[in-house]
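Here the structure is laid out as structure tokens; the discussion comes afterwards.
Worth knowing before you read on, the calculation uses all heavy atoms, side chains too, and leaves out hydrogens, waters and symmetry mates. Letters go in sequence order (proteins before strands), and every chain restarts at 1.
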2 protein chains.
Amino acid sequence: MSEAKNQPTGLSRRGLLGGSAKLAGAAGLVGAMGGGAAGLLPRAQAATAKSGAEVQPGDLDEYYGFSSSGQSGEVRIVGLPSMRELMRIPVFNRCSATGWGRTNESLKIMTENLLPQTKALIEKHGNFLLNGDLHHPHMSFTDGVNDGRYIFANDKANCRVARIRCDVMKTDKIIEIPNASDIHGLRLQKVPRTGYVFANSEHIIPIPNDGKVLDDPKQYWSVYTAIDGDTMTIAWQVLVDGNLDNTDADYEGKYSFSTCYNSERGVTQADMTSAEQDWAVIFNIKRIEEAVKKGDYKEINGVKVVDGRHGSQYTRYIPIANNPHGCNMAPDGIHLAINGKLSPTVTLLDVRRFDDLFDDKIKPRDTVVAEPQLGLGPLHTAFDGKGNAFTTLFLDSQIVKWNIDKALRAYKGEKVDPIVQKLDVQYQPGHNHATNGEAKDADGRWLMSLNKFSKDRFLNVGPLKPENDQLIDISGDEMKVVHDGPSFAEPHDICLVHRSHVNPAEVWKRDDPMWEDARIQAKKDNVKLEEAADVIRDGNKVRVYMHSIAPAFSLDKFEVNEGDEVTVYVTNMDDVVDLTHGFTLVRHGIAMEIGPQATASVTFTADRPGVHWYYCQWFCHALHMEMAGRMIVHPKLA
Amino acid sequence: MSEAKNQPTGLSRRGLLGGSAKLAGAAGLVGAMGGGAAGLLPRAQAATAKSGAEVQPGDLDEYYGFSSSGQSGEVRIVGLPSMRELMRIPVFNRCSATGWGRTNESLKIMTENLLPQTKALIEKHGNFLLNGDLHHPHMSFTDGVNDGRYIFANDKANCRVARIRCDVMKTDKIIEIPNASDIHGLRLQKVPRTGYVFANSEHIIPIPNDGKVLDDPKQYWSVYTAIDGDTMTIAWQVLVDGNLDNTDADYEGKYSFSTCYNSERGVTQADMTSAEQDWAVIFNIKRIEEAVKKGDYKEINGVKVVDGRHGSQYTRYIPIANNPHGCNMAPDGIHLAINGKLSPTVTLLDVRRFDDLFDDKIKPRDTVVAEPQLGLGPLHTAFDGKGNAFTTLFLDSQIVKWNIDKALRAYKGEKVDPIVQKLDVQYQPGHNHATNGEAKDADGRWLMSLNKFSKDRFLNVGPLKPENDQLIDISGDEMKVVHDGPSFAEPHDICLVHRSHVNPAEVWKRDDPMWEDARIQAKKDNVKLEEAADVIRDGNKVRVYMHSIAPAFSLDKFEVNEGDEVTVYVTNMDDVVDLTHGFTLVRHGIAMEIGPQATASVTFTADRPGVHWYYCQWFCHALHMEMAGRMIVHPKLA
């Protein structure tokens, strides 16, 4: 216990930056990030010209941004270039407004594909386990282009992966990944389609992690998971050496890749940063699929786990200067950027050489085709589809624009500087993303820099500051910051897609699978959801069916007994665009959204004898306030 | 059951609009709201000129907006004129990012002042009851001006009122209001200071609501509640006739007022809209205080309830055309606007006449000094401090600007039109608010129109659309819409305050009361929070104390036994602005924010034998990913 007291940061002096970048000591790093002693950097000069990013009232944005929200567990839809938050999609969080995490429909999605142990803990402790974070939302692909079917995203802390339907912009599947510690990086198969969802387990742990192995890091490993995006089941896992960080996939459907920042398999910060080099892991999808087919795997916790540790035919480990972070496939289909983090470099790999690498015709480092020195703390790289790359420099608080072709030539020895421009951002950027930039049709219109600190860029809102998502115009020769976008609680990642790729529905279809259980139950009860105004008693279970047409529910009261288990089904029969209704029950912690033409339901115990009003909480009509009814709860006889 | 089937909307034909506004039938209303058969109105022409509302990168907004978030249970801080969401303050919701609703500090605030029955239900069913909505955030006053101390707000469905400290922008008190059905309107005493927080119970119920009275609406009432804002205890309640809707208070500290839309004390929509007139209720604060002092009250559920029903000396009922909604005191200190909703009028009362009204020298309607016809569906009125009023017309989808003086003259018979301008908004506005508009120093710079429908104004995000908060420049003679602001899930209300009135801290102070329990426990354990790296075992309870300095926790592992009740205390010793740390524990549904110089704690059961990583989830340093440690859980012996 006292060791840590003596050395509170737990840092070794040499561990901070690798051999390739002996640039700053621990104090310097904190200073750089903290902005000096006072903690405030001088405010940047305001842009002098009109931004060109302002969207006039009534005009539509050109791009959808699907933002991770980081720790808040939702996906946010942002419009570009206005940077307005257009919608929140609850995923790994409880949402008071929509009832996500409270309605039967959402609870089924949140719980039905969890691991048995997790289900048992929810049974024991309640559903606080359902609150998680959300990282790395990405849209499904067909032929390397975003196709508007799904968004996939992960809950890092609780090892879950979710799928969001882009027709209704609601989550429809959540699964839990066994054998993984926290799931960090997530990216999708691009070709021929998604296909696989690739998910990195970050920290190394005993596998299985059942208490048989404890404080023996030599027996700790990590897994790389491929999920079938169509069925949302786990196709396979690959056991690997070291912590996995970020991942991506190629444009041929042959390979996927991950960065590893802890090749040392250390469990302290000093150990994790001790080696001069870590690596990128390359996964050979066809070989792994064959291994699964021919039985070369071990089944652990119900999942087929292929051994991809050093020496395996299924993986290759490419040495990279230490603690690499971002892993970004360029839209040219050729170049994979591995971002140095503690090294000032980005390492560019040519994925066309991976066939030879797996056939042992070349050595791992022979796949490197460029390694430009860019600045301090390169974390992620985005692309404009015109041959340029844009790398975030965390420590320098900059975006560096560099030319891929010049970087290739420089690596070959030509005296050419690949760096085109360095642009200050405010402050400490993490991920960055370009419009359509993860796809073949990257169009180089806008870049977003997701900055981890905002400090003085917004009105002071107390000790907790927003992050700062800055919008950068990259359409010209010179990058320009045109908008500062405050963002809540550590968003990580965003996927920017042209609006032509996204085409959601305006109202629900009555045959939507979302409320299939309600449909089945109503049939059993001989109730038609669309016309319902029925109370069905079934022992101490009571099912209340109503429908709504603005501004009224079909039932203006129902009666139950104290202790009854009550399920209320509401069907919104309005079919007008934007005419959402709600159902809220006073003093019961119950509120839910019922979209136009949708059905939603909630189950609760009638614990409180007396009169309790329910009402529509989604403003629907001039008589919205009067859209209400009474639940009358008869007290138990003493 | 079958009655409702035959008449699914439950509406009587005549009930829809009162006698004073026979303007639309049910079908017409739905059509007006839904925008016609196709559900889409033609898109408004984009503003032609530059807005003047764009805030350049690095420039600060001029006003804080404290937005209700409506159903999502949080307060949002919005910057004006940029309309950017600067921060979310979790209040009546679970927040995955900050751990609100999961940390010991937040759970204490959320639960310690709930009613005993509610505490018992949380004990029984878990904490889903803690999820609620958030309506009507308003900033405390001193001498009629917002003073930057607190924001008060209510959870309508679960009858709670919260206080937010504006120094740290965190909730510090939540109380539950007994004897109330849903708490709708909430406003604050303005003079001499806040003082009282006034909260309306909307629906009528038996009081007490314990099951003795059930389906007998003649015995249903409503209560008006005054909370002491300094102690967050209930000072008194007043029993009243009919549903209370919105409330406000005068600039002399003598009176507060509420609208009532259900003078009929009906329980169906037809009954609630049957009378030609409803009323506004005026509360005589001094008389009520004296009643409490001299014992003229009944104690119900621990609260002193004064009888303010018809005939009482404590209240007056002023007839208003039917179903009035908004209740807005003008900054001139004289005029109170009661908004007609089903009547096309706003009724202006002169509060200086209330002394005579209470002394029975004049009749209730003698307090009316103007009643301009404004248009269909007047809901709320805002003020510019220059003699003009701005009323939302829900059905007409307009803001109408009108001159108070002209309205007074017109009411006296002069041929003068008080209406200055009608401006289309998109679509169906509810609340509106002007900068500093609830206070004496209303400055007439900006107006926000909180529109309940957005329909085609933003990129299509599926069946659930955002609302649309539109920013309107009211500084000139003519109102101009300058920005469309999408807003999630039915926000209700916003309080717009000039930045000169708000002055939050940049980092926490170590002696903050927020973590007093942690301080006391640490002292008992002989641990200094600021230097802690200790594990204290106390039977099967384990207290883990650590501190953090970027990028490390003071403990890189701790060991517990399966089944232990573990409390982790983390103290963030970084004192740099914006340097928040987090503590996340894998597969335990645990994540929390620890602000600079703050302490936070979380308690859980170590249910999962094995190795579980904890890490910082708030990006804090180039080595943030490496800021982690292991919880080792020894399995129970079989």
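For a residue to count as touching a neighbouring chain, one of its non-hydrogen atoms must lie under 4.5 Å from one of that chain's; by this rule E593(A) touches chain B with the side chain only. In this structure, chain A has a heavy atom under 4.5 Å from the side chain of K170(B), while its backbone stays farther away. Contacts of E559(A) with chain B are made by side-chain atoms alone, with heavy-atom separations under 4.5 Å and no backbone atom involved. The part of N323(A) that comes within reach of chain B is its side chain, from C-beta onward, which places non-hydrogen atoms under 4.5 angstrom from that chain. Only the side chain of K124(A) comes within contact range of chain B, judged by heavy atoms closer than 4.5 Å. Both the backbone and the side chain of L464(A) come within less than 4.5 Å of a heavy atom in chain B. Contacts between P466(A) and chain B at a heavy-atom distance below 4.5 Å involve backbone atoms as well as side-chain atoms. Only the side chain of F488(A) comes within contact range of chain B, judged by heavy atoms closer than 4.5 Å. Of the two parts of V502(A), neither the backbone nor the side chain holds a non-hydrogen atom closer than 4.5 Å to a non-hydrogen atom of chain B. Looking at Q470(A), there are no atoms closer than 4.5 Å to chain B (heavy atoms on both sides), in backbone or side chain. Both the backbone and the side chain of S454(B) come within contact range of chain A, with heavy atoms under 4.5 Å apart. Only the side chain of T584(B) comes within contact range of chain A, judged by heavy atoms closer than 4.5 Å. Of the two parts of R88(A), the backbone and the side chain both hold a non-hydrogen atom closer than 4.5 Å to a non-hydrogen atom of chain B. Of the atoms belonging to M573(A), not a single heavy atom falls under 4.5 Å from chain B. At a 4.5 Å heavy-atom cutoff, the contact between R94(A) and chain B is made by backbone and side-chain atoms alike. Using a 4.5 Å cut-off between heavy atoms, V507(B) contacts chain A through its backbone alone, with no side-chain atom that close. With a threshold of 4.5 angstrom between heavy atoms, D245(A) approaches chain B through side-chain atoms but not through N, CA, C or O. If you measure heavy-atom distances from R587(A) to chain B, the contacts under 4.5 Å come from both the backbone and the side chain. Looking at Y220(B), the atoms closer than 4.5 Å to chain A (heavy atoms on both sides) all sit in the side chain, from C-beta outward.
Side-chain contact, R630(A) with T268(B): no donor N or O sits under 3.5 Å from an acceptor N or O. E202(A) and Y615(B) form no side-chain donor-acceptor contact under 3.5 Å, judged by distance and modelled atom types alone.
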Please walk me through it: do D215(B) and K557(A) pass salt bridge (Lys or Arg N to Asp or Glu O under 4.0 Å)?
-> CA-CA 10 Å; D215(B) 195 5; K557(A) 73 172 178 190; 2.3 Å; yes
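Chain A forms the most heavy-atom pairs under 4.5 Å with one residue out of D182(B), V611(B), V586(B), and that residue is V611(B). For chain A, the option among V633(B), D578(B), D484(B) with the highest count of heavy-atom pairs below 4.5 Å is D578(B). Per-residue heavy-atom pair counts under 4.5 Å with chain A were compared for L121(B), T98(B), D167(B), and the maximum is reached by L121(B). When S96(B), G595(B), G377(B) are compared by the number of non-hydrogen pairs under 4.5 Å with chain A, S96(B) comes out ahead. Contacts with chain A were tallied for K465(B), M83(B), H125(B), H325(B); K465(B) has the most, counting heavy-atom pairs under 4.5 Å. Considering only heavy-atom pairs separated by less than 4.5 Å from chain A, the leading option among D210(B), N93(B), I205(B) is D210(B).
With a 6.0 Å cutoff to the six-membered ring centre and a 45° limit on the axis angle, K156(A) does not count as a cation-pi contact of F92(A). Judged by the 6.0 Å distance and 45° axis criteria, K341(A) is not positioned over the aromatic ring of F394(A).
Aromatic ring orientation, W613(B) versus H203(A): parallel (interplanar angle below 30°, classes split at 30° and 60°).
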